[in-house]
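Below is one structure, written out as structure tokens; the observations come after it.
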Protein chains: 2
Amino acid sequence: MSERRDEKEEGRFAYEGLDRVMHEKARLGIMTSLATHQEGLLFNELKELCSLTDGNLSRHIQVLQEAGLIEVWKRFQDRRPQTLCRLSPEGRKRFISYLEEMERVLKDAYSAQANEAKKKSARFLKNPDIQGWTPA
Amino acid sequence: MSERRDEKEEGRFAYEGLDRVMHEKARLGIMTSLATHQEGLLFNELKELCSLTDGNLSRHIQVLQEAGLIEVWKRFQDRRPQTLCRLSPEGRKRFISYLEEMERVLKDAYSAQANEAKKKSARFLKNPDIQGWTPA
DNA sequence: GAAATTACTTTGCGATGTCAAGTAAAAAAG
DNA sequence: CTTTTTTACTTGACATCGCAAAGTAATTTC
């Protein structure tokens with residue numbers, strides 16, 4: 001039986017679509033929060049939803065804004081500063097691309113489970129060590 | 001109509017299950033490659049599949065091994081060193097947990113698309129600026 | 001009017017990722 | 001046979017990144 005199609009092609013598992021700006025735990029949470037709240041979220045709402053510290057969130061917002069993924073709006077409400085963040089149209093597009101790439105990761109990863117049995121010991125009988133390999 | 005259940009709870013979008021060791025572009029690719037090749041992969045196979053440089057791959061393998069996620073085996077084959085990497089049983093478990101968390105991210109993110117229409121302008125009529133917000 | 005709170009921003013630093021350079025052995029070239 | 005090239009990695013240096021602590025500025029409470 002032959003290898004699964006394309007399984008060994010160069011870059012098959014490179015996942016170039018995983019944009020580093022979004023592929024970060026905290027920022028992925030921020031993006032997802034904003035995706036689910038089209039009307040935008042306030043600084044403190046984001047802070048709680050993503051369990052971030054003030055400084056941390058502030059920095060990530062800056063990065064996301066500089067990347068053109070979110071819009072940031074400021075005002076004074078009841079004599080206090082207030083910051084609102086929303087996904088930019090561009091940000092929404094790029095986030096969807098990111099999610100699509102992540103779906104490919106999941107699909108690839110789970111496809112392995114299905115194949116597990118039949119591929120058992122394709123290269124080695126039991127453990128590699130019986131074939132002359134040494135650990136470390 | 002009330003908010004969707006739990007939508008605003010603290011940490012709702014924190015995604016603590018996204019282990020930093022695996023949540024890295026290159027290493028995510030390595031883990032997925034290894035998940036789909038239960039028999040293990042050679043250094044050069046991984047290098048090509050993930051489009052990594054030698055040094056880069058070497059470093060990531062070290063990190064994954066130190067985290068107990070993969071097993072690394074060495075031998076000489078045809079008088080040349082050869083390195084084989086495989087998921088450890090523990091690594092497989094933890095990778096599955098990671099993937100499950102990532103599925104939650106996708107589910108959350110896509111649930112937003114479905115709700116987009118009905119949530120339109122919940123907080124603001126059109127753009128925030130008409131309500132006293134200023135950009136930046 | 002001093003202290004505390006709110007809503008952030010800035011700073012410092014340790015950790016991380018990346019690429020270039022290095023190593024060691026074998027194979028190929030001359 | 002010895003110099004160069006190739007293979008298969010490893011190590012080192014640098015630059016970036018994320019994070020928490022400290023800082024700021026306005027407001028409110030005591």
Side-chain angles (χ1 to χ4, degrees), chain A residues 10-11 14-16 18-31 40-67 69-85 132-136, chain B residues 10-11 13-16 18-31 40-67 69-85 128 132-136:
Chain A
E10 149 76 24
Y15 303 121
E16 316 243 331
L18 296 182
D19 182 331
R20 286 203 179 279
V21 177
M22 287 175 281
H23 189 66
E24 199 276 328
K25 220 176 113 155
R27 290 193 293 262
L28 185 55
I30 295 171
M31 292 295 286
L41 285 167
L42 299 176
F43 189 94
N44 282 323
E45 292 173 334
L46 271 175
K47 194 179 111 178
E48 293 215 339
L49 286 172
C50 303
S51 299
L52 292 168
T53 59
D54 289 20
N56 217 330
L57 175 57
S58 180
R59 199 68 191 65
H60 287 309
I61 284 175
Q62 199 182 313
V63 171
L64 290 170
Q65 187 189 12
E66 279 164 8
L69 294 166
I70 67 173
E71 294 167 357
V72 182
W73 302 83
K74 307 263 183 192
R75 72 170 173 186
F76 274 81
Q77 178 77 342
D78 299 328
R79 293 174 185 171
R80 294 198 168 284
Q82 202 173 49
T83 303
L84 178 78
C85 302
W133 295 87
T134 58
Chain B
E10 149 76 23
F13 296 93
Y15 303 121
E16 316 244 331
L18 296 182
D19 182 332
R20 287 205 179 278
V21 177
M22 287 175 280
H23 189 66
E24 199 277 327
K25 220 177 112 153
R27 290 194 294 262
L28 185 55
I30 296 171
M31 291 296 286
L41 285 167
L42 300 175
F43 189 94
N44 281 324
E45 291 173 334
L46 270 175
K47 193 179 115 178
E48 293 215 338
L49 287 171
C50 304
S51 300
L52 292 168
T53 59
D54 290 17
N56 217 330
L57 175 56
S58 180
R59 201 67 191 70
H60 287 309
I61 285 175
Q62 200 183 312
V63 171
L64 289 170
Q65 187 188 13
E66 280 165 8
L69 293 166
I70 67 173
E71 295 165 358
V72 181
W73 301 83
K74 308 262 183 192
R75 72 170 172 186
F76 275 80
Q77 178 76 343
D78 299 327
R79 294 177 185 169
R80 293 195 169 286
Q82 203 172 48
T83 303
L84 177 79
C85 302
W133 295 87
T134 57

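Order of the sequence lines fixes the chain letters, A, B, ..., with proteins taken first and strands second; residue numbering starts at 1 for each chain. These figures come from a predicted structure and were not determined experimentally.
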Distance below 4.0 Å between [X] side-chain N/O and [N] OP1 or OP2:
X        : N       : result
Arg20(B) : dC19(D) : yes
Ser58(B) : dT10(D) : yes
Lys25(A) : dC17(D) : no

Practice task
Please determine if Glu24(A) and Arg20(B) form a salt bridge, counting it only when a charged side-chain N lies under 4.0 Å from a carboxylate O.
Solution key: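 So Glu24(A) pairs with Arg20(B) through a salt bridge.
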Nucleotide [N], atom [atom2] - distance to [atom1] of [X] in whole Å:
X        : N       : atom1 : atom2 : result
Asp54(A) : dA20(D) : CG    : C1'   : 11 Å
Asn56(A) : dC19(D) : CG    : C1'   : 5 Å
Phe76(A) : dA25(D) : CZ    : P     : 12 Å
Gln62(A) : dC19(D) : CD    : P     : 15 Å
Glu48(B) : dC9(D)  : CD    : C1'   : 15 Å
Leu18(B) : dG18(D) : CG    : C1'   : 15 Å
Lys74(B) : dT7(D)  : NZ    : C1'   : 14 Å
Glu24(B) : dT16(D) : CD    : C1'   : 13 Å

Exercise for the section: Please list, in 5' to 3' order, the outermost nucleotides of DNA chain C lying under 4.0 Å from any heavy atom of chain B. Expected result: dG17(C) to dA27(C)
Handout entry: Lys47(A) side, atom NZ; Leu49(A) side, atom CG - distance, nearest 0.5 Å
Key = 12.0 Å
Practice task
Mind checking the CH2-OG1 spacing from Trp73(A) to Thr134(B)? Nearest 0.5 Å is all I need.
Solution key: 8.0 Å
Exercise for the section: Decide side-chain hydrogen bond (donor to acceptor under 3.5 Å, both in side chains) for His60(A) and Asn56(A); before the verdict, give the C-alpha distance in whole Å, the side-chain angles of both, and the deciding distance to 0.1 Å. Expected result: CA-CA 6 Å; His60(A) 287 309; Asn56(A) 217 330; 3.0 Å; yes
Exercise for the section: Take Arg79(A) and Gln82(B), find for each the nucleotide of DNA chain D with the closest heavy atom, and name the residue whose nucleotide sits nearer the 5' end. Expected result: Gln82(B)
Practice task
For Phe43(B) and for Arg27(A), locate the closest nucleotide of DNA chain D by heavy-atom distance; then report the residue assigned to the nucleotide nearer the 5' terminus.
Solution key: Phe43(B)
Exercise for the section: Begin with the C-alpha distance, continue with both residues' side-chain angles, and end with the deciding distance and a verdict on side chain to side chain contact (heavy atoms under 4.5 Å, CB included) for Arg27(A) and Leu69(A). Expected result: CA-CA 11 Å; Arg27(A) 290 193 293 262; Leu69(A) 294 166; over 6 Å; no
Practice task
Please step through side chain to side chain contact (heavy atoms under 4.5 Å, CB included) for the pair Asp19(B) and His23(B), ending with a clear verdict.
Solution key: CA-CA 6 Å; Asp19(B) 182 332; His23(B) 189 66; over 6 Å; no
Tell me which nucleotide among [options] gets nearest to the side chain of [X].
X        : options                   : answer
Arg80(B) : dT28(D), dT7(D), dC9(D)   : dT7(D)
Thr53(A) : dA20(D), dT27(D), dT10(D) : dA20(D)
His60(A) : dT10(D), dC19(D), dC9(D)  : dC19(D)

Side-chain heavy atoms of [X] within contact of [Y], under 4.5 Å:
X        : Y        : value
Leu41(A) : Ile30(A) : no
Glu10(A) : Glu48(B) : yes
Ile70(B) : Ile61(B) : yes

Handout entry: Stems formed with participation of DNA chain D [Watson-Crick or G-U wobble, under 3.5 Å, three or more pairs]
Key =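 Paired runs of 3+ in DNA chain D: C:1-30 with D:1-30.
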Exercise for the section: Would you check if the side chain of Asp78(A) reaches a backbone N or O of Arg80(A) as a donor-acceptor pair within less than 3.5 Å? Expected result: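 Checking the backbone N and O of Arg80(A) against the side chain of Asp78(A), no donor-acceptor pair under 3.5 Å is found.
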